[in-house]
There are 2 protein chains.
Amino acid sequence: MKRNQTAYVILGILAIHDNQSGYEIRRTIQQTVGFFWGESFGQIYPTLKKLAADGLIVPSKSTSAPRPRRQEYSITAAGLACLQEWLAVPYRDDPPRDEFLLKLFFGDKAAPSVSIAHIRKFQEKHRRLLDTLLEVEGLARVHSSHYPGFPFWMLTLTFGVAQLRSALEWSEAALAMLSSTEVGIDPKTASPQPPANTADKP
Amino acid sequence: MKRNQTAYVILGILAIHDNQSGYEIRRTIQQTVGFFWGESFGQIYPTLKKLAADGLIVPSKSTSAPRPRRQEYSITAAGLACLQEWLAVPYRDDPPRDEFLLKLFFGDKAAPSVSIAHIRKFQEKHRRLLDTLLEVEGLARVHSSHYPGFPFWMLTLTFGVAQLRSALEWSEAALAMLSSTEVGIDPKTASPQPPANTADKP
DNA sequence: ACACACATGTAATTGGTTACATGATTTC
DNA sequence: GAAATCATGTAACCAATTACATGTGTGT
(Lines give C-alpha, C1' and ligand atoms only; values in the text may rest on other atoms or scores of the structure.)
Protein backbone atom coordinates (compact mmCIF):
# COMPACT_ATOMS: atom_id res chain seq x y z
CA MET A 1 0.00 0.00 0.00
CA LYS A 2 1.31 3.43 -0.91
CA ARG A 3 1.95 5.84 1.92
CA ASN A 4 3.50 9.20 2.30
CA GLN A 5 7.15 9.46 3.19
CA THR A 6 6.43 10.58 6.72
CA ALA A 7 4.95 7.18 7.48
CA TYR A 8 8.17 5.43 6.57
CA VAL A 9 10.39 7.71 8.60
CA ILE A 10 8.20 7.03 11.59
CA LEU A 11 8.32 3.29 10.99
CA GLY A 12 12.06 3.41 10.56
CA ILE A 13 12.61 5.42 13.70
CA LEU A 14 10.36 3.10 15.71
CA ALA A 15 12.15 0.11 14.20
CA ILE A 16 15.37 1.46 15.67
CA HIS A 17 13.87 2.38 19.01
CA ASP A 18 10.41 1.43 20.22
CA ASN A 19 8.06 3.18 22.61
CA GLN A 20 8.35 6.72 21.48
CA SER A 21 5.69 9.40 21.49
CA GLY A 22 5.03 11.72 18.58
CA TYR A 23 6.98 14.39 20.32
CA GLU A 24 9.94 12.12 20.90
CA ILE A 25 9.84 10.76 17.39
CA ARG A 26 10.17 14.24 16.04
CA ARG A 27 13.12 14.99 18.26
CA THR A 28 14.77 11.72 17.34
CA ILE A 29 14.32 12.56 13.66
CA GLN A 30 15.97 15.94 14.18
CA GLN A 31 18.86 14.44 16.05
CA THR A 32 19.59 11.59 13.68
CA VAL A 33 18.46 12.29 10.13
CA GLY A 34 17.77 15.96 10.71
CA PHE A 35 20.49 17.16 8.40
CA PHE A 36 18.79 15.62 5.39
CA TRP A 37 15.20 15.13 6.55
CA GLY A 38 12.63 17.31 8.28
CA GLU A 39 9.24 16.55 9.76
CA SER A 40 6.61 18.77 11.36
CA PHE A 41 4.08 17.91 14.05
CA GLY A 42 1.28 18.73 11.67
CA GLN A 43 2.42 15.77 9.66
CA ILE A 44 3.53 13.41 12.41
CA TYR A 45 0.42 13.21 14.58
CA PRO A 46 -2.11 12.48 11.83
CA THR A 47 0.27 9.93 10.31
CA LEU A 48 0.65 8.25 13.68
CA LYS A 49 -3.12 7.84 13.88
CA LYS A 50 -3.27 6.38 10.40
CA LEU A 51 -0.45 3.94 11.04
CA ALA A 52 -2.13 2.81 14.24
CA ALA A 53 -5.46 2.40 12.46
CA ASP A 54 -3.74 0.17 9.92
CA GLY A 55 -2.02 -1.91 12.55
CA LEU A 56 1.51 -0.98 11.54
CA ILE A 57 2.15 0.49 14.95
CA VAL A 58 0.40 0.04 18.29
CA PRO A 59 -0.18 2.46 21.11
CA SER A 60 1.79 1.18 24.07
CA LYS A 61 1.70 1.98 27.77
CA SER A 62 4.17 4.62 28.78
CA THR A 63 7.31 2.99 30.12
CA SER A 64 8.08 5.76 32.56
CA ALA A 65 6.54 8.44 34.73
CA PRO A 66 3.12 9.93 34.00
CA ARG A 67 4.29 13.05 32.26
CA PRO A 68 1.63 15.18 30.57
CA ARG A 69 -0.79 12.93 28.78
CA ARG A 70 1.23 11.25 26.10
CA GLN A 71 0.90 8.30 23.82
CA GLU A 72 3.84 6.07 22.98
CA TYR A 73 3.90 3.74 20.05
CA SER A 74 5.65 0.55 19.05
CA ILE A 75 6.13 -0.93 15.63
CA THR A 76 4.32 -4.19 14.81
CA ALA A 77 5.44 -7.11 12.66
CA ALA A 78 3.23 -5.75 9.89
CA GLY A 79 4.87 -2.37 10.32
CA LEU A 80 8.34 -3.81 10.01
CA ALA A 81 7.28 -5.72 6.90
CA CYS A 82 5.88 -2.52 5.44
CA LEU A 83 9.12 -0.71 6.15
CA GLN A 84 11.18 -3.44 4.54
CA GLU A 85 8.96 -3.49 1.50
CA TRP A 86 9.45 0.23 1.11
CA LEU A 87 13.19 -0.05 1.61
CA ALA A 88 13.40 -2.51 -1.27
CA VAL A 89 11.81 -0.25 -3.87
CA PRO A 90 14.20 2.12 -5.66
CA TYR A 91 14.37 5.50 -4.02
CA ARG A 92 12.61 8.26 -5.88
CA ASP A 93 14.52 11.44 -6.28
CA ASP A 94 12.20 14.34 -6.47
CA PRO A 95 13.49 17.22 -8.54
CA PRO A 96 15.66 19.30 -6.27
CA ARG A 97 15.01 22.97 -5.69
CA ASP A 98 17.85 25.05 -4.41
CA GLU A 99 16.98 28.69 -3.97
CA PHE A 100 20.56 29.55 -3.10
CA LEU A 101 21.81 28.34 -6.47
CA LEU A 102 18.90 29.98 -8.21
CA LYS A 103 19.67 33.38 -6.77
CA LEU A 104 23.32 32.86 -7.56
CA PHE A 105 22.48 31.94 -11.14
CA PHE A 106 20.69 35.25 -11.58
CA GLY A 107 23.50 37.03 -9.77
CA ASP A 108 24.32 39.45 -12.55
CA LYS A 109 20.89 41.06 -12.21
CA ALA A 110 21.88 42.45 -8.83
CA ALA A 111 24.91 44.09 -7.28
CA PRO A 112 27.84 41.72 -6.65
CA SER A 113 27.46 42.36 -2.93
CA VAL A 114 24.14 40.56 -3.07
CA SER A 115 25.67 37.33 -4.34
CA ILE A 116 28.56 37.69 -1.95
CA ALA A 117 26.12 37.97 0.94
CA HIS A 118 24.33 34.83 -0.21
CA ILE A 119 27.57 32.91 -0.34
CA ARG A 120 28.61 34.12 3.08
CA LYS A 121 25.36 32.96 4.57
CA PHE A 122 25.84 29.69 2.75
CA GLN A 123 29.33 29.37 4.21
CA GLU A 124 28.23 30.06 7.75
CA LYS A 125 25.38 27.59 7.57
CA HIS A 126 27.60 24.93 6.15
CA ARG A 127 30.42 25.52 8.59
CA ARG A 128 28.08 25.25 11.53
CA LEU A 129 26.49 22.11 10.17
CA LEU A 130 29.88 20.57 9.48
CA ASP A 131 30.92 21.21 13.06
CA THR A 132 27.88 19.52 14.53
CA LEU A 133 28.15 16.65 12.08
CA LEU A 134 31.74 16.00 13.03
CA GLU A 135 30.80 16.17 16.67
CA VAL A 136 27.98 13.72 16.13
CA GLU A 137 30.31 11.44 14.23
CA GLY A 138 32.69 11.37 17.15
CA LEU A 139 29.94 10.65 19.64
CA ALA A 140 28.44 7.96 17.45
CA ARG A 141 31.78 6.17 17.15
CA VAL A 142 32.02 6.05 20.92
CA HIS A 143 28.43 5.29 21.88
CA SER A 144 26.76 3.55 18.99
CA SER A 145 29.39 1.46 17.25
CA HIS A 146 27.86 -1.82 18.38
CA TYR A 147 24.41 -1.25 16.94
CA PRO A 148 23.61 -3.05 13.69
CA GLY A 149 22.53 0.22 12.16
CA PHE A 150 25.84 1.89 12.95
CA PRO A 151 27.60 1.34 9.62
CA PHE A 152 24.64 2.84 7.80
CA TRP A 153 24.42 5.79 10.15
CA MET A 154 28.09 6.43 9.51
CA LEU A 155 27.54 6.20 5.80
CA THR A 156 25.02 9.02 5.87
CA LEU A 157 27.30 11.02 8.15
CA THR A 158 30.38 10.64 5.98
CA PHE A 159 28.29 11.56 2.99
CA GLY A 160 27.14 14.72 4.69
CA VAL A 161 30.65 15.61 5.76
CA ALA A 162 32.05 15.06 2.29
CA GLN A 163 29.36 17.16 0.67
CA LEU A 164 29.79 19.95 3.18
CA ARG A 165 33.55 20.04 2.80
CA SER A 166 33.28 20.16 -0.95
CA ALA A 167 30.68 22.91 -0.73
CA LEU A 168 32.85 24.96 1.61
CA GLU A 169 35.88 24.57 -0.62
CA TRP A 170 33.82 25.73 -3.55
CA SER A 171 32.48 28.67 -1.61
CA GLU A 172 35.99 29.95 -0.93
CA ALA A 173 36.82 29.87 -4.59
CA ALA A 174 33.49 31.45 -5.41
CA LEU A 175 34.09 34.34 -3.03
CA ALA A 176 37.58 34.85 -4.35
CA MET A 177 36.17 34.94 -7.83
CA LEU A 178 33.46 37.46 -7.02
CA SER A 179 35.86 39.67 -5.08
CA SER A 180 38.27 39.91 -7.96
CA THR A 181 37.61 42.66 -10.48
CA GLU A 182 36.33 40.09 -12.93
CA VAL A 183 32.78 40.61 -11.79
CA GLY A 184 33.22 43.12 -9.07
CA ILE A 185 32.00 46.30 -10.67
CA ASP A 186 28.63 47.63 -9.75
CA PRO A 187 26.36 47.61 -12.80
CA LYS A 188 25.07 51.00 -11.65
CA THR A 189 28.41 52.80 -11.68
CA ALA A 190 29.95 51.93 -14.98
CA SER A 191 30.18 49.37 -17.73
CA PRO A 192 33.18 47.21 -16.92
CA GLN A 193 33.68 45.25 -20.11
CA PRO A 194 32.02 44.82 -23.48
CA PRO A 195 28.43 46.13 -23.62
CA ALA A 196 27.12 42.56 -23.83
CA ASN A 197 23.38 42.79 -23.44
CA THR A 198 20.86 40.16 -22.47
CA ALA A 199 19.93 39.17 -25.94
CA ASP A 200 20.64 35.52 -26.49
CA LYS A 201 20.36 32.27 -24.69
CA PRO A 202 23.27 30.19 -23.50
CA MET B 1 4.71 41.46 -2.69
CA LYS B 2 5.29 37.82 -1.88
CA ARG B 3 5.13 35.38 -4.75
CA ASN B 4 5.81 31.75 -5.21
CA GLN B 5 9.23 30.71 -6.36
CA THR B 6 8.07 29.82 -9.83
CA ALA B 7 7.35 33.48 -10.50
CA TYR B 8 10.95 34.43 -9.84
CA VAL B 9 12.44 31.72 -11.99
CA ILE B 10 10.27 32.92 -14.83
CA LEU B 11 11.26 36.52 -14.26
CA GLY B 12 14.92 35.54 -14.08
CA ILE B 13 14.78 33.50 -17.25
CA LEU B 14 12.99 36.28 -19.11
CA ALA B 15 15.51 38.78 -17.76
CA ILE B 16 18.24 36.75 -19.42
CA HIS B 17 16.35 36.21 -22.62
CA ASP B 18 13.13 37.93 -23.62
CA ASN B 19 10.29 36.79 -25.83
CA GLN B 20 9.85 33.24 -24.71
CA SER B 21 6.65 31.24 -24.54
CA GLY B 22 5.69 29.09 -21.57
CA TYR B 23 6.87 26.06 -23.42
CA GLU B 24 10.22 27.62 -24.21
CA ILE B 25 10.66 28.94 -20.70
CA ARG B 26 10.28 25.47 -19.36
CA ARG B 27 12.84 24.08 -21.77
CA THR B 28 15.24 26.90 -20.97
CA ILE B 29 14.86 26.15 -17.29
CA GLN B 30 15.66 22.50 -17.88
CA GLN B 31 18.68 23.32 -19.97
CA THR B 32 20.19 25.88 -17.65
CA VAL B 33 19.14 25.46 -14.02
CA GLY B 34 17.58 22.04 -14.54
CA PHE B 35 20.11 20.23 -12.41
CA PHE B 36 19.01 22.10 -9.31
CA TRP B 37 15.58 23.39 -10.22
CA GLY B 38 12.47 21.85 -11.78
CA GLU B 39 9.27 23.38 -13.03
CA SER B 40 6.12 21.83 -14.44
CA PHE B 41 3.67 23.25 -16.97
CA GLY B 42 0.91 23.08 -14.41
CA GLN B 43 2.84 25.69 -12.49
CA ILE B 44 4.24 27.75 -15.33
CA TYR B 45 1.12 28.65 -17.29
CA PRO B 46 -0.97 29.92 -14.37
CA THR B 47 2.00 31.86 -13.03
CA LEU B 48 2.54 33.43 -16.43
CA LYS B 49 -1.05 34.69 -16.37
CA LYS B 50 -0.64 36.10 -12.90
CA LEU B 51 2.61 37.85 -13.73
CA ALA B 52 1.03 39.37 -16.81
CA ALA B 53 -2.01 40.51 -14.82
CA ASP B 54 0.34 42.26 -12.40
CA GLY B 55 2.30 43.93 -15.16
CA LEU B 56 5.58 42.22 -14.37
CA ILE B 57 5.67 40.64 -17.82
CA VAL B 58 3.85 41.52 -21.02
CA PRO B 59 2.56 39.30 -23.80
CA SER B 60 4.56 40.14 -26.88
CA LYS B 61 4.04 39.40 -30.55
CA SER B 62 5.81 36.30 -31.74
CA THR B 63 9.13 37.22 -33.26
CA SER B 64 9.13 34.39 -35.76
CA ALA B 65 6.95 32.08 -37.80
CA PRO B 66 3.33 31.37 -36.90
CA ARG B 67 3.88 28.09 -35.16
CA PRO B 68 0.90 26.60 -33.33
CA ARG B 69 -0.85 29.30 -31.40
CA ARG B 70 1.60 30.49 -28.83
CA GLN B 71 2.12 33.41 -26.55
CA GLU B 72 5.50 34.91 -25.91
CA TYR B 73 6.30 37.15 -23.00
CA SER B 74 8.78 39.86 -22.14
CA ILE B 75 9.80 41.17 -18.77
CA THR B 76 8.84 44.75 -17.86
CA ALA B 77 10.73 47.32 -15.81
CA ALA B 78 8.47 46.47 -12.89
CA GLY B 79 9.25 42.81 -13.40
CA LEU B 80 12.97 43.43 -13.32
CA ALA B 81 12.59 45.50 -10.18
CA CYS B 82 10.61 42.69 -8.58
CA LEU B 83 13.29 40.20 -9.51
CA GLN B 84 16.02 42.37 -8.06
CA GLU B 85 14.09 42.89 -4.87
CA TRP B 86 13.75 39.15 -4.48
CA LEU B 87 17.42 38.59 -5.25
CA ALA B 88 18.38 40.91 -2.41
CA VAL B 89 16.50 39.02 0.30
CA PRO B 90 18.42 36.17 1.93
CA TYR B 91 17.69 32.84 0.32
CA ARG B 92 15.49 30.55 2.31
CA ASP B 93 16.64 27.00 2.57
CA ASP B 94 13.70 24.74 2.96
CA PRO B 95 14.42 21.63 4.96
CA PRO B 96 15.92 19.12 2.58
CA ARG B 97 14.44 15.70 2.07
CA ASP B 98 16.64 13.05 0.61
CA GLU B 99 14.94 9.70 0.26
CA PHE B 100 18.16 8.06 -0.83
CA LEU B 101 19.88 8.93 2.42
CA LEU B 102 16.80 7.98 4.38
CA LYS B 103 16.69 4.49 2.92
CA LEU B 104 20.40 4.17 3.45
CA PHE B 105 20.04 5.23 7.07
CA PHE B 106 17.57 2.40 7.66
CA GLY B 107 19.78 0.03 5.67
CA ASP B 108 20.20 -2.51 8.43
CA LYS B 109 16.50 -3.30 8.35
CA ALA B 110 16.89 -4.85 4.91
CA ALA B 111 19.36 -7.13 3.17
CA PRO B 112 22.69 -5.48 2.32
CA SER B 113 21.93 -6.00 -1.36
CA VAL B 114 19.11 -3.49 -1.02
CA SER B 115 21.42 -0.71 0.10
CA ILE B 116 23.98 -1.69 -2.49
CA ALA B 117 21.33 -1.40 -5.18
CA HIS B 118 20.39 2.06 -3.96
CA ILE B 119 23.99 3.20 -4.07
CA ARG B 120 24.48 1.80 -7.56
CA LYS B 121 21.46 3.69 -8.82
CA PHE B 122 22.81 6.75 -7.07
CA GLN B 123 26.17 6.28 -8.79
CA GLU B 124 24.69 5.89 -12.23
CA LYS B 125 22.47 8.93 -11.84
CA HIS B 126 25.36 11.02 -10.63
CA ARG B 127 27.78 9.82 -13.27
CA ARG B 128 25.32 10.65 -16.02
CA LEU B 129 24.62 14.05 -14.57
CA LEU B 130 28.31 14.78 -14.16
CA ASP B 131 28.88 13.95 -17.81
CA THR B 132 26.18 16.29 -19.02
CA LEU B 133 27.29 19.02 -16.66
CA LEU B 134 30.85 18.84 -17.90
CA GLU B 135 29.56 18.93 -21.44
CA VAL B 136 27.43 21.96 -20.68
CA GLU B 137 30.37 23.61 -19.01
CA GLY B 138 32.48 23.17 -22.12
CA LEU B 139 29.77 24.52 -24.37
CA ALA B 140 29.15 27.48 -22.10
CA ARG B 141 32.83 28.42 -22.08
CA VAL B 142 32.80 28.52 -25.84
CA HIS B 143 29.44 30.13 -26.52
CA SER B 144 28.45 32.19 -23.53
CA SER B 145 31.62 33.57 -22.02
CA HIS B 146 30.79 37.12 -23.08
CA TYR B 147 27.43 37.37 -21.34
CA PRO B 148 27.32 39.27 -18.07
CA GLY B 149 25.67 36.30 -16.43
CA PHE B 150 28.43 33.92 -17.46
CA PRO B 151 30.52 34.04 -14.26
CA PHE B 152 27.44 33.22 -12.22
CA TRP B 153 26.39 30.42 -14.51
CA MET B 154 29.85 28.96 -14.15
CA LEU B 155 29.63 29.26 -10.40
CA THR B 156 26.54 27.09 -10.28
CA LEU B 157 28.12 24.65 -12.70
CA THR B 158 31.36 24.28 -10.78
CA PHE B 159 29.33 23.84 -7.64
CA GLY B 160 27.36 21.04 -9.22
CA VAL B 161 30.48 19.39 -10.56
CA ALA B 162 32.24 19.57 -7.20
CA GLN B 163 29.26 18.12 -5.36
CA LEU B 164 28.83 15.34 -7.88
CA ARG B 165 32.50 14.37 -7.78
CA SER B 166 32.49 14.30 -4.01
CA ALA B 167 29.32 12.22 -4.01
CA LEU B 168 30.79 9.76 -6.49
CA GLU B 169 33.97 9.41 -4.48
CA TRP B 170 31.92 8.74 -1.39
CA SER B 171 29.80 6.19 -3.21
CA GLU B 172 32.87 4.15 -4.13
CA ALA B 173 33.97 4.00 -0.53
CA ALA B 174 30.43 3.21 0.54
CA LEU B 175 30.17 0.29 -1.87
CA ALA B 176 33.53 -1.02 -0.78
CA MET B 177 32.39 -0.80 2.80
CA LEU B 178 29.12 -2.63 2.20
CA SER B 179 30.78 -5.31 0.11
CA SER B 180 33.21 -6.19 2.86
CA THR B 181 31.95 -8.49 5.59
CA GLU B 182 31.93 -5.59 8.02
CA VAL B 183 28.21 -5.19 7.74
CA GLY B 184 26.47 -7.93 9.64
CA ILE B 185 24.20 -10.52 8.06
CA ASP B 186 21.52 -10.15 10.67
CA PRO B 187 18.50 -8.20 9.41
CA LYS B 188 16.43 -9.67 12.22
CA THR B 189 18.34 -8.06 15.06
CA ALA B 190 16.75 -4.81 16.06
CA SER B 191 18.83 -2.12 17.69
CA PRO B 192 17.53 -0.87 21.00
CA GLN B 193 18.60 2.74 20.75
CA PRO B 194 19.18 5.50 18.26
CA PRO B 195 22.65 7.01 18.05
CA ALA B 196 23.52 9.65 20.58
CA ASN B 197 23.33 12.93 18.86
CA THR B 198 23.00 16.63 19.27
CA ALA B 199 22.40 17.80 15.74
CA ASP B 200 19.91 20.59 15.71
CA LYS B 201 18.33 23.02 13.37
CA PRO B 202 18.79 26.71 14.07
C1' DA C 1 -1.04 7.85 -42.21
C1' DC C 2 1.24 8.08 -38.21
C1' DA C 3 4.21 9.62 -34.83
C1' DC C 4 6.45 13.14 -32.60
C1' DA C 5 7.52 17.62 -31.00
C1' DC C 6 5.24 21.93 -30.26
C1' DA C 7 1.91 24.35 -27.47
C1' DT C 8 -1.58 25.71 -23.84
C1' DG C 9 -4.36 25.06 -20.39
C1' DT C 10 -7.44 23.04 -16.25
C1' DA C 11 -8.82 19.94 -12.43
C1' DA C 12 -7.85 16.73 -8.98
C1' DT C 13 -4.95 15.49 -5.66
C1' DT C 14 -1.09 15.41 -2.64
C1' DG C 15 2.03 16.42 0.54
C1' DG C 16 3.31 19.47 3.33
C1' DT C 17 4.00 23.87 6.45
C1' DT C 18 2.20 27.27 9.61
C1' DA C 19 -0.63 28.97 12.81
C1' DC C 20 -3.66 28.15 16.18
C1' DA C 21 -5.72 26.01 20.46
C1' DT C 22 -5.02 23.67 24.62
C1' DG C 23 -3.08 22.05 28.62
C1' DA C 24 0.44 19.61 32.04
C1' DT C 25 4.95 19.55 34.37
C1' DT C 26 9.24 21.38 35.63
C1' DT C 27 12.34 24.95 36.88
C1' DC C 28 13.71 29.43 38.23
C1' DG D 1 3.85 32.81 39.63
C1' DA D 2 6.18 33.21 35.25
C1' DA D 3 8.59 30.97 31.76
C1' DA D 4 10.22 27.09 29.40
C1' DT D 5 9.58 22.64 27.85
C1' DC D 6 6.71 18.75 27.19
C1' DA D 7 2.76 17.16 24.71
C1' DT D 8 -1.15 16.57 21.32
C1' DG D 9 -3.95 17.89 18.02
C1' DT D 10 -6.71 20.60 14.17
C1' DA D 11 -7.64 23.91 10.51
C1' DA D 12 -6.22 26.87 6.95
C1' DC D 13 -3.54 27.34 3.48
C1' DC D 14 -0.27 26.57 -0.36
C1' DA D 15 2.91 25.15 -3.70
C1' DA D 16 3.43 21.88 -6.76
C1' DT D 17 2.77 17.47 -9.35
C1' DT D 18 -0.01 14.61 -12.23
C1' DA D 19 -3.27 13.55 -15.23
C1' DC D 20 -6.27 15.01 -18.41
C1' DA D 21 -8.07 17.54 -22.54
C1' DT D 22 -7.14 19.65 -26.81
C1' DG D 23 -5.08 20.96 -30.85
C1' DT D 24 -1.20 22.31 -34.61
C1' DG D 25 2.87 21.71 -37.47
C1' DT D 26 6.72 18.77 -39.14
C1' DG D 27 8.98 14.82 -40.72
C1' DT D 28 8.92 9.99 -42.28
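In the text below, chain A, chain B and the rest are named by the order of the sequence lines, each starting its count at 1.
Residue B/Arg27 places no side-chain N or O under 4.0 Å from the OP1 or OP2 atom of C/dA5. Under 4.0 angstrom from either OP1 or OP2 of D/dC6 there lies no side-chain N or O belonging to A/Ser21.
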Seminar exercise, completed: Contact string for nucleotides 13-19 of chain D, one letter per nucleotide 5' to 3', B = base within protein heavy-atom range under 4.0 Å, S = sugar-phosphate only, - = neither, reads --SBBB-

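Here the P atom of nucleotide D/dC6 and the CD atom of A/Gln20 are 14 Å apart, to the nearest Å. Distance, A/Ile44 CD1 to D/dG9 C1': 12 Å, rounded to whole Å. Separating the OH atom of B/Tyr45 from the P atom of C/dA7 is a distance of 8 Å, rounded to the nearest angstrom. Atom CZ of B/Arg70 is separated from atom P of C/dA5 by 17 Å (rounded to the nearest Å). Taking atom CD on B/Gln31 and atom P on C/dA5, their separation rounds to 14 Å, with Å as the unit. The OH-P distance, from A/Tyr73 to D/dA7, rounds to 14 Å in whole Å. Note: CG (B/Asp94) to C1' (C/dT18) measures 14 Å, nearest angstrom. A straight line from NZ of B/Lys49 to P of C/dA11 spans 13 Å, rounded to a whole angstrom.
When the nucleotides D/dG9, C/dG9, C/dA7 are ranked by their closest atom to the side chain of B/Tyr23, C/dA7 comes out on top.
Remark: A/Asp93 engages no residue in a side-chain hydrogen bond (donor to acceptor under 3.5 Å, both in side chains) (not counting sequence neighbours). Scored by the side chain to side chain contact (heavy atoms under 4.5 Å, CB included) test, B/Pro90 finds A/Lys121 as partners (sequence neighbours excluded). Evaluation of the side chain to side chain contact (heavy atoms under 4.5 Å, CB included) rule for A/Ala81 yields no partner, not counting sequence neighbours. B/Asp94 is linked by a salt bridge (Lys or Arg N to Asp or Glu O under 4.0 Å) to B/Arg92, counting only residues two or more places apart in sequence or in another chain.
Remark: A/Glu172 CD is packed, more than 12 non-hydrogen atoms of other residues, nucleotides or ligands lying under 6.0 Å away.
For residues 140-153 of chain B, the salt bridge (Lys or Arg N to Asp or Glu O under 4.0 Å) pairs, not counting sequence neighbours, are B/Glu137-B/Arg141.
Between the side chain of B/Trp170 and the backbone N or O of A/Val161 there is no donor-acceptor pair closer than 3.5 Å.
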